[in-house]
Colleague: 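First the structure, then my questions, so here it is.
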2 protein chains.
Amino acid sequence: MLLWHNEFMDLKRIATFVTVAELQSFTEAAARLHTVQPAISRQVQQLEQEVGAPLLWRTKRTVRTTAAGAIFLLRAKELLARAGEIREEAQRANRGEVGRLAIGYLGSATSPFLPDLVQRYRRQYPGVKVTVAEMTPTEQIQAFEKGAIDVGFTRPVDRHQRSRFQELRIYEDQLKVAVSASDRRASRRSLALRELASEPFVLFERALAPGLIDLALSACQRAGFSPQVAGESPLMQTVLVMVAAGMGVSLVPGCVRHLGVNGISLLDFTPKAASVDLVMIWPKTHIPPTVQEFEGLVKGQLPAVRQQMTPPGPR
Amino acid sequence: MLLWHNEFMDLKRIATFVTVAELQSFTEAAARLHTVQPAISRQVQQLEQEVGAPLLWRTKRTVRTTAAGAIFLLRAKELLARAGEIREEAQRANRGEVGRLAIGYLGSATSPFLPDLVQRYRRQYPGVKVTVAEMTPTEQIQAFEKGAIDVGFTRPVDRHQRSRFQELRIYEDQLKVAVSASDRRASRRSLALRELASEPFVLFERALAPGLIDLALSACQRAGFSPQVAGESPLMQTVLVMVAAGMGVSLVPGCVRHLGVNGISLLDFTPKAASVDLVMIWPKTHIPPTVQEFEGLVKGQLPAVRQQMTPPGPR
DNA sequence: TATCAGTAATGCTGCTTTGGCATAATGAAT
DNA sequence: ATTCATTATGCCAAAGCAGCATTACTGATA
């Protein structure tokens with residue numbers, strides 16, 4: 001490697017040349033750069049080697065740029081400025097001020113509060129490209145694999161995946177029995193789950209939200225029966241409409257009341273089932289700064305969100 | 001200076017990072033860059049220090065860019081490409097392939113051949129911005145001072161300036177006596193200069209071309225008289241028109257025959273005066289490559305130019 | 001004309017940085 | 001659990017670089 005000149009120009013040497021060219025003096029440039037004149041001389045010499053052209057025309061009294069030096073001076077200043085810019089940009093990306101934040105969300109459980117969260121975040125980080133996409137829990141896991149989303153609002157992931165994701169509980173919801181408004185029990189506050197043992201059930205498709213459906217099934221199990229599934233749908237709205245139409249009863253999270261489907265009644269039941277949480281999840285590995293910042297904002301908004309998602313009347 | 005991190009990012013380290021990011025491997029990057037893996041590790045570490053943000057997310061199995069690294073990778077590649085481009089541009093400037101060539105010229109002595117020279121040059125060096133401006137010899141000297149022109153086609157400069165300029169003789173011309181076509185001597189081939197001792201003279205303004213006029217005056221001096229100047233003009237055409245109008249005789253370079261002024265006759269005279277040369281001059285200090293290349297082209301064209309500027313008929 | 005003053009280049013030295021080797025640490029896959 | 005692949009770290013020698021002293025040169029000045 002002896003005497004083997006580098007393939008690349010050195011930005012420091014370029015900056016030195018710019019200073020010399022603008023001050024038209026090696027000595028003054030040395031003072032400006034807090035070093036000594038011979039260092040400047042050699043830096044410029046090396047840069048001329050690297051560039052492959054003389055850049056400065058020296059007399060003992062004055063220093064001028066050559067033709068090559070003049071054009072190089074112009075371009076070098078641009079290059080140095082650009083170098084500074086890209087460093088700034090990387091730092092902004094590292095602070096989560098630029099970049100992207102792709103959000104997957106569960107429409108039925110987030111519609112009341114998510115738009116506000118997103119709006120607050122976009123105001124605070126206008127440089128971040130935010131996208132939102134409604135997805136079922138299963139679709140969100142797949143989207144994480146493909147890198148299509150950065151955070152997801154969903155149900156708690158199963159034991160298998162738990163180690164790969166970080167979770168933030170947003171709010172706690174309760175399973176409710178959904179019956180048609182024309183059902184004879186529609187006006188009751190509560191019922192025993194085993195009263196439904198022989199009723200037809202309409203459920204959300206298990207493959208798309210196994211956590212939720214398994215919770216419902218285990219509730220029936222504990223009540224001593226296995227529900228007779230008369231219908232399934234990949235859309236929560238459709239489930240509710242089928243219930244309203246009297247095609248069966250269902251077990252759904254209380255938050256579906258925000259979906260605005262008429263003709264149904266949501267009842268508490270005994271024995272009480274475990275609560276069904278809404279969580280925000282994101283992969284533990286390689287957490288982008290945008291996600292970190294979003295997490296902080298969400299945490300700050302948690303009280304407001306929880307108040308918003310708490311049923312207004314008597315529970 | 002111990003542990004004092006440089007203000008500038010190092011292009012070599014940036015290139016190393018790009019290689020690592022694209023190959024997604026430190027080890028492979030080391031092989032590609034003909035060095036060893038620890039060197040790569042430390043270069044990337046240093047670059048991350050310089051940038052002020054983590055750029056790569058390392059596991060033992062794979063290497064990925066962080067959010068900051070992803071945007072930095074994109075920009076860094078542009079920066080490296082740009083750095084290469086500006087080096088190329090400086091080299092082209094050094095070879096005279098880009099830049100400028102500002103030409104000052106003496107219209108009366110160059111009009112037959114200069115357009116062709118300029119055209120040839122522009123074809124060979126299309127990247128050079130060529131400008132031409134008609135100027136008297138004195139104006140050319142001033143234009144050189146201001147850096148307004150790079151080469152000049154003019155008369156030989158005086159002793160005082162000679163050391164500052166390089167000269168290339170283009171062609172050799174002879175002083176002629178100009179008389180009106182209606183003059184009784186108009187059809188003669190030659191006359192003795194002293195025949196004009198008592199005639200009125202019309203001359204080009206001395207201040208604008210001292211070399212030429214001093215040559216004419218010294219010719220008269222040697223013929224034993226001092227001409228009686230009846231008129232002066234800063235335009236050679238005007239001088240000739242005044243001669244044609246019979247306002248006087250003049251002493252002019254033979255090349256004025258190309259100006260296309262009618263009604264005059266150009267005669268040889270005795271005693272023969274020193275020849276009046278047309279030269280190309282340019283400052284000795286800081287000769288731009290464009291000028292060097294132009295000089296080469298002009299030298300190659302000299303025979304053609306001289307043939308073109310030689311009077312066709314008997315001399 | 002000779003001296004002087006100011007500037008860039010060069011020789012040299014010691015410190016800093018960097019590359020290369022050996023090895024440790026770590027995580028994934030079998 | 002073990003092994004393999006990969007990156008990080010400790011160490012050393014070589015190279016690069018800054019700083020000092022000095023030289024060489026030129027334009028200005030007396």
Colleague: Quick one: is A:Ser41 getting a side-chain N or O under 4.0 Å of the C:dA9 phosphate, OP1 or OP2?
Modeller: yes
Colleague: Return no unless some side-chain N or O of A:Gln46 is found under 4.0 Å from OP1 or OP2 of D:dC17.
Modeller: yes
Colleague: Is it true that the side chains of A:Ser41 and A:Gln37 contain a donor and an acceptor less than 3.5 Å apart?
Modeller: yes
Colleague: Is the backbone of A:Val279 close enough, under 3.5 Å, to the side chain of A:Asp277 for a donor and an acceptor to pair up by distance?
Modeller: no
Colleague: Check the phosphate of C:dT17 against B:Lys12, side-chain N and O only, distance under 4.0 Å to OP1 or OP2. Yes or no?
Modeller: no
Colleague: Counting heavy atoms not belonging to A:Arg32, are there more than 12 under 6.0 Å from its CZ?
Modeller: no
Colleague: Between B:Gln43 and C:dG19, does any side-chain N or O lie under 4.0 Å from OP1 or OP2?
Modeller: yes
Colleague: Between B:Thr27 and D:dT7, is there a side-chain N or O to OP1/OP2 distance below 4.0 Å?
Modeller: yes
Colleague: For A:Arg13 and D:dC17, is the shortest distance between a side-chain N/O and OP1 or OP2 below 4.0 Å?
Modeller: yes
Colleague: Hey, which sits more toward the 5' end of DNA chain D by its nearest nucleotide, A:Thr59 or A:Asp10?
Modeller: A:Asp10
Colleague: So does B:Arg42 reach the base of C:dG20 with its side chain, donor to acceptor, closer than 3.5 Å?
Modeller: yes
Colleague: Could you tell me whether the side chains of A:Arg13 and A:Gln43 share a donor-acceptor contact shorter than 3.5 Å?
Modeller: no
Colleague: Separation of B:Arg64 atom CZ from C:dG27 atom C1', in whole Å?
Modeller: 15 Å
Colleague: Can you tell me if B:Gln45 touches the phosphate of D:dT9, counting only side-chain N or O atoms and a distance under 4.0 Å to OP1 or OP2?
Modeller: yes
Colleague: Is B:Ser25 close enough to D:dT6 that one of its side-chain N or O atoms is under 4.0 Å from OP1 or OP2 there?
Modeller: no
